[in-house]
Enquirer: 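Before I ask anything, here is the structure I am working with.
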Amino acid sequence: MNSHRSWVQPFLTTKSLLPENQESPIEFIESDTVDSRLFYRRNHFLYPVFPFNSYWLPISGAVTRSKLFSMDDLFRFPSKTIKIVLECAGNKRRLFNPKVFGEQWGKGAISQAVWKGVPLRILLESAGIKEGAKEVVVEGYDYGPRSDLNQVCPYARSLPLEKAMDPDTIIAYEFNGRPIPFQHGYPLRLIAPQWYAMASVKWIKHITVMDSEFSGPFQSIDYVYYPHKDNEKDARPVTEMNVNSTIQNPQDMDILNAGTHIIKGIAWTGKGRITMVEVSLDKGHTWKQAEILRHGSTEYSWVRWSYKWTAFERGEYKIMSRASDSFKRKQPSQPFWNRKGYGYNAVDHIKVKIE
């Protein structure tokens, strides 16, 4: 007998239309890779318009020879394929208390895919990096007005030279075995593993090697942790993803029958690997270890975890999950509050009712 499930499909959740910002239905993602239809979308501006048919990638700045690469040139270089989790720095922003301004992302500004491309290092070495080079700026074709600066700005970000030269930092041209979909950066997107996804610039227009510090607004104003509401003391840049987990099943405010249930979810980190996921059913007084399912996981991907729970007593329950990584980082009970709402990684929790 066919079930309705065969034709019921999850959809993205719209957070804004202009620019388009859409959240992945993370509770319903059961595969290790997310297709483009369900991969979350984060934009600061409207989608760019540029000439696909005469696309070239220039590299200039503190290099011994400026270069101009065609797509065919890039295909001829040795390629690298990596499966990585991309998480928006604002993922879970709506969970902060006190509330912060900005796109009110829930838990779905995160997705995972397999990206293929050429290591940025190879392109930089072919251009020759001059002594004294410090940062590599990647500028996208997307741009728009910023009222705080009263000017039009492109989306551009820099990586420190060490991160740019990491063999796993790639200029990607494929997404899950196909050309990158336009909404996700076609024809070329930077992929910077383990950093929040603001670093993975889409629709690459230009790469510039700098011997000074880049100070574009998406580097020096946005994507900065400001721990204080009214001043800039102790500000620091947003870089590596925090250790984190999300409960996918059951879902918040579900009503369940008494009996055995499988609590499951995902966990990820920007440093090392996930070593443990714990679950609490008594508001954090005690914690039990969940089973980590590493099948299909890689150095940069999320892991799946599950915990078997037998619930006979009726009532309301708070289910909590807490991940730890190999750098001894553990999800805190309270998030690190910051004015722009980045890097939320407090212990995840949902409520359910047993009837």
Side-chain angles (χ1 to χ4, degrees), residues 42-45 47-48 50 55-71 73-74 77 84 86 88-89 115 117-146 148-149 151-173 180 184-225 235-241 270 340 342:
R42 171 65 175 121
N43 295 289
H44 294 85
F45 306 119
Y47 285 111
F50 57 92
Y55 183 85
W56 295 84
L57 174 62
I59 296 183
S60 61
V63 294
T64 55
R65 54 199 171 274
S66 294
K67 300 285 268 187
L68 198 60
F69 297 105
S70 69
M71 291 298 291
D73 293 333
L74 299 181
F77 283 112
I84 76 159
L86 283 182
C88 175
W115 302 86
V118 55
L120 175 56
R121 175 182 194 145
I122 291 177
L123 304 183
L124 295 174
E125 286 175 343
S126 75
I129 303 168
K130 285 186 177 176
E131 194 173 336
K134 292 179 179 173
E135 298 189 0
V136 178
V137 180
V138 180
E139 179 184 332
Y141 269 100
D142 49 331
Y143 67 92
R146 281 190 64 119
D148 57 341
L149 300 174
Q151 66 185 61
V152 171
C153 300
Y155 187 80
R157 289 272 315 178
S158 77
L159 294 175
L161 188 61
E162 181 184 18
K163 181 67 175 176
M165 295 295 281
D166 186 304
D168 291 338
T169 297
I170 64 172
I171 302 297
Y173 47 73
I180 298 174
H184 301 294
Y186 177 89
L188 295 178
R189 177 177 188 165
L190 177 68
I191 295 293
Q194 298 187 316
W195 281 36
Y196 283 108
M198 78 277 147
S200 294
V201 178
K202 302 188 286 281
W203 310 294
I204 299 175
K205 180 181 182 182
H206 201 119
I207 295 174
T208 308
V209 180
M210 293 183 64
D211 55 11
S212 58
E213 194 172 296
F214 178 62
S215 60
F218 295 100
Q219 194 93 12
S220 59
I221 300 174
D222 293 346
Y223 300 112
V224 175
Y225 290 117
R236 58 185 173 87
V238 175
T239 55
E240 290 171 335
M241 293 184 295
K340 294 209 169 203
Y342 298 128

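Predicted model only: the values in this text are computed from it and were never measured. Numbering of residues begins at 1 and proceeds along the displayed sequence.
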Enquirer: Looking only at heavy atoms, which two atoms of His206 and Ser60 are closest? And how far apart?
Expert: NE2-OG, 2.8 Å
Enquirer: Would a 4.5 Å heavy-atom cut-off, applied to side chains only, mark Met198 and Tyr342 as touching?
Expert: no
Enquirer: For Tyr173 and Phe69, I'd like to know if the aromatic rings sit close, meaning centre-to-centre distance below 6.0 Å.
Expert: no
Enquirer: Can you name the side-chain contact (heavy atoms from CB on, under 4.5 Å) partners of Val224, sequence neighbours left out?
Expert: Tyr226, Ala235
Enquirer: Taking all heavy atoms of Ala199 and all of Ala192, pick out the closest pair and write down the distance.
Expert: CB-CB, 4.1 Å
Enquirer: Has Asp166 got a side-chain atom pairing as donor or acceptor with Lys163's backbone, closer than 3.5 angstrom?
Expert: no
Enquirer: Hey, are the side chains of Val138 and Arg157 touching, using non-hydrogen atoms and a 4.5 Å cut-off?
Expert: no
Enquirer: Below 4.0 angstrom, N of the basic side chain to O of the carboxylate: do Asp142 and Lys202 qualify?
Expert: no
Enquirer: Any side-chain heavy atom of Leu86 within less than 4.5 Å of one from Ile191?
Expert: yes
Enquirer: Answer whether the closest heavy-atom distance between the side chains of Lys130 and Val209 falls below 4.5 Å.
Expert: no
Enquirer: Can you tell which of Trp203, Phe50, Tyr186, Tyr155 makes a ring pair (Phe, Tyr, Trp, His ring centres under 6.0 Å) with Tyr141?
Expert: Phe50
Enquirer: Evaluate whether atom OH of Tyr143 has more than 12 neighbouring non-hydrogen atoms of other residues, nucleotides or ligands under 6.0 angstrom away.
Expert: no
Enquirer: Any non-hydrogen side-chain atom of Met165 less than 4.5 Å from a side-chain atom of Ile129?
Expert: yes
Enquirer: Mark yes when over 12 heavy atoms from residues, nucleotides or ligands other than Gln151 sit less than 6.0 Å from its CD; otherwise mark no.
Expert: yes
Enquirer: Please say which of Leu123, Thr169, Ile207, Leu190 ends up in a side chain to side chain contact (heavy atoms under 4.5 Å, CB included) with Val136.
Expert: Ile207
Enquirer: Would you say Met71 and Leu188 make side-chain contact, with heavy atoms under 4.5 Å?
Expert: yes
